[in-house]
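The structure appears below as structure tokens.
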Amino acid sequence: MRKVVLITGASSGIGLALCKRLLAEDDELHLCLACRNMSKAEAVCAALLASHPTAEVTIVQVDVSNLQSVFRASKELKQRFQRLDCIYLNAGIMPNPQLNIKALFFGLFSRKVIHMFSTAEGLLTQGDKITADGLQEVFETNVFGHFILIRELEPLLCHSDNPSQLIWTSSRSARKSNFSLEDFQHSKGKEPYSSSKYATDLLSVALNRNFNQQMDLDEDTAEKFYQKLLELEKHIRVTIQKTDNQARLSGSCL
């Protein structure tokens, strides 16, 4: 039986490189490319099959910055598959950084000047915006969209005889100093990408207690963050249900 591997953001960058590497090691895999842009995904699918004709490569359309898209994709995946052996949670965005002139000026006269220039920490800031779901875009794309995807696909993952793997694409930019439980969407901060990547590391700890403890993470914070996401998920589901009900009522009145 073929192993089934789902990869988000598989049409370019790390996701595409990962597809090629996985097929190079096992060309009997069933790769499912979870992508937003279908034309790019179809081109990648054709190229992968041309180089690995014994593999099985399929596509599911999903935009992790749109929860309706995540719910639709999850439903489709549950209709297609009985299990998923591995999910690579790779899709994400990083806003273009801008130089923080104020931080640069004050940093020149601080004790952290060497650290500032060697790491760029605090020097670069990023903009963010609100999605149609009312969430911060970087948070929803990099963290919450994937969280909902995992929650929806749990029936395909939880098999005691052959447990599945969840693998996140993290980053060296993930810093504890840029994350706050009180503002886990980072709506008040200037480094949403760093915050989101630390958040995925925390979420990994909450989902898997055997995660690498050498990282600067603690299980208590991870569990609290996980509970906050569950609360947000409940709120989002209620909101979406109300919107759907209102749409049906409007349609029946036409």
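Residues take their numbers from the sequence shown, with the count starting at 1.
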Practice item. Starting from the C-alpha separation in whole Å, work towards a yes-or-no answer on side-chain contact (heavy atoms from CB on, under 4.5 Å) for V143 and F225. Key: CA-CA 11 Å; V143 186; F225 177 55; 4.1 Å; yes

Review point. Of all heavy-atom pairs between A206 and A222, which one has the smallest distance, and what is that distance?
Key: CB-O, 3.6 Å

Study note, to complete from the structure: When every non-hydrogen atom of D27 is compared with those of H52, the smallest separation belongs to CB-ND1, 4.0 Å

Point to revise | Euclidean distance, K234 NZ relative to L232 CG, rounded to 0.5 Å | key: 12.5 Å

**Study point:** Min side-chain heavy-atom separation L203-W168 under 4.5 Å
**Key:** yes

**Study point:** Same apolar cluster (I L V M F W Y, side chains within < 4.5 Å links), L230/I240
**Key:** yes

Check your understanding: D244 versus Q68: any side-chain heavy-atom pair under 4.5 Å?
Key -> yes

Practice item. Determine, for E76 against R72, whether the closest basic-nitrogen to carboxylate-oxygen distance falls under 4.0 angstrom. Key: no

Practice item. Say whether E223 and Q227, considering side chains only, have a donor N or O and an acceptor N or O under 3.5 Å apart. Key: yes

Review point. At what distance, to the nearest 0.5 angstrom, does OG of S164 lie from CG of L157?
Key: 4.5 Å

Review point. Does some side-chain heavy atom of Y88 sit less than 4.5 Å from a side-chain heavy atom of T169?
Key: no

Check your understanding: Are L153 and L67 joined in one hydrophobic group, where the rule is that I, L, V, M, F, W and Y side chains link up if heavy atoms are under 4.5 Å apart?
Key -> yes

Check your understanding: Does a sphere of radius 6.0 Å around CD1 in I150 hold more than 12 heavy atoms from other residues, nucleotides or ligands, not counting ones at 6.0 Å or beyond?
Key -> yes

Review point. Taking E137 for the side chain and I130 for the main chain, is one N or O donor matched with an acceptor at less than 3.5 Å?
Key: no

Study note, to complete from the structure: The reported gap from CG in L29 to CG in L48 (rounded to nearest 0.5 angstrom) is 11.0 Å

Review point. Passes side-chain contact (heavy atoms from CB on, under 4.5 Å), F81 versus L6? Steps please.
Key: CA-CA 11 Å; F81 302 111; L6 176 71; over 6 Å; no

Practice item. Flag yes if more than 12 heavy atoms outside K3 fall under 6.0 Å of its NZ atom; otherwise flag no. Key: no

Check your understanding: Does any non-hydrogen side-chain atom of C86 lie less than 4.5 Å from one of I167?
Key -> yes

Check your understanding: Counting only N and O atoms by type, is there a donor-acceptor contact under 3.5 Å from the side chain of D183 to the main-chain atoms of K188?
Key -> yes

Check your understanding: Would you say R83 and M1 make side-chain contact, with heavy atoms under 4.5 Å?
Key -> yes

Point to revise | M38 side, atom CE; S11 side, atom OG - distance, nearest 0.5 Å | key: 10.5 Å

Exercise for review: Return yes if some donor-acceptor pair links the side-chain N/O of H146 with the main-chain N/O of V64 below 3.5 Å, else return no.
Suggested key: no

Review point. Can you name the nearest heavy-atom pair linking L135 to E140, along with the distance?
Key: CB-OE1, 3.7 Å

**Study point:** L49 with I7, same ILVMFWY side-chain cluster at under 4.5 Å
**Key:** yes

Practice item. Flag yes if L77 and F71 sit in one hydrophobic cluster, no otherwise; membership is Ile, Leu, Val, Met, Phe, Trp, Tyr, and two members link when side-chain heavy atoms are under 4.5 Å apart. Key: yes

Review point. Do the side chain of S173 and the main chain of S194 share a donor and acceptor less than 3.5 angstrom apart?
Key: no

Review point. Any side-chain heavy atom of R80 within less than 4.5 Å of one from T58?
Key: yes

**Study point:** L202 vs F184 side-chain heavy atoms within contact, under 4.5 Å
**Key:** no

Review point. Yes or no on side-chain contact (heavy atoms from CB on, under 4.5 Å) for L33 and V57, after CA distance, side-chain angles and deciding distance?
Key: CA-CA 7 Å; L33 316 180; V57 184; 3.9 Å; yes

Review point. If you look at every heavy atom in A73 and V62, which pair is closest and at what distance?
Key: CB-CB, 3.7 Å

**Study point:** V60-L16 co-clustered via ILVMFWY side chain contacts under 4.5 Å
**Key:** no

Exercise for review: Mind running side-chain contact (heavy atoms from CB on, under 4.5 Å) on F144 and T131 for me, showing each step along the way?
Suggested key: CA-CA 12 Å; F144 195 63; T131 68; over 6 Å; no

**Study point:** Option from S65, S195, S196, S171 for which side chain to side chain donor-acceptor pair (under 3.5 Å) with N142 holds
**Key:** S196

Review point. Roughly how far, to the nearest 0.5 Å, is the NZ atom of K78 from the CG atom of L84?
Key: 11.0 Å

Exercise for review: Return yes if some donor-acceptor pair links the side-chain N/O of T141 with the main-chain N/O of V138 below 3.5 Å, else return no.
Suggested key: no

Review point. Which heavy-atom pair separates E25 from R21 by the least distance, and what is that distance?
Key: OE2-NE, 2.9 Å

Check your understanding: Are more than 12 heavy atoms from other residues, nucleotides or ligands located less than 6.0 Å from atom CD of Q165?
Key -> no

Review point. Is a salt bridge present between D201 and K197, judged by a nitrogen-to-oxygen distance below 4.0 Å?
Key: no

**Study point:** Distance in Å, E56 CD paired with R2 CZ, rounded so as to fall on 0.5 Å steps
**Key:** 5.0 Å

**Study point:** Any donor-acceptor pair under 3.5 Å from D85 side chain to V4 backbone
**Key:** yes

Practice item. Kindly give the heavy-atom pair with the smallest separation between A10 and C35, and that separation in Å. Key: N-SG, 3.8 Å

Point to revise | Q185 (side chain) donor-acceptor with Q136 (main chain) under 3.5 angstrom | key: yes

Review point. Do any N or O atoms from the side chain of N90 and from the backbone of T8 form a donor-acceptor pair under 3.5 angstrom?
Key: yes

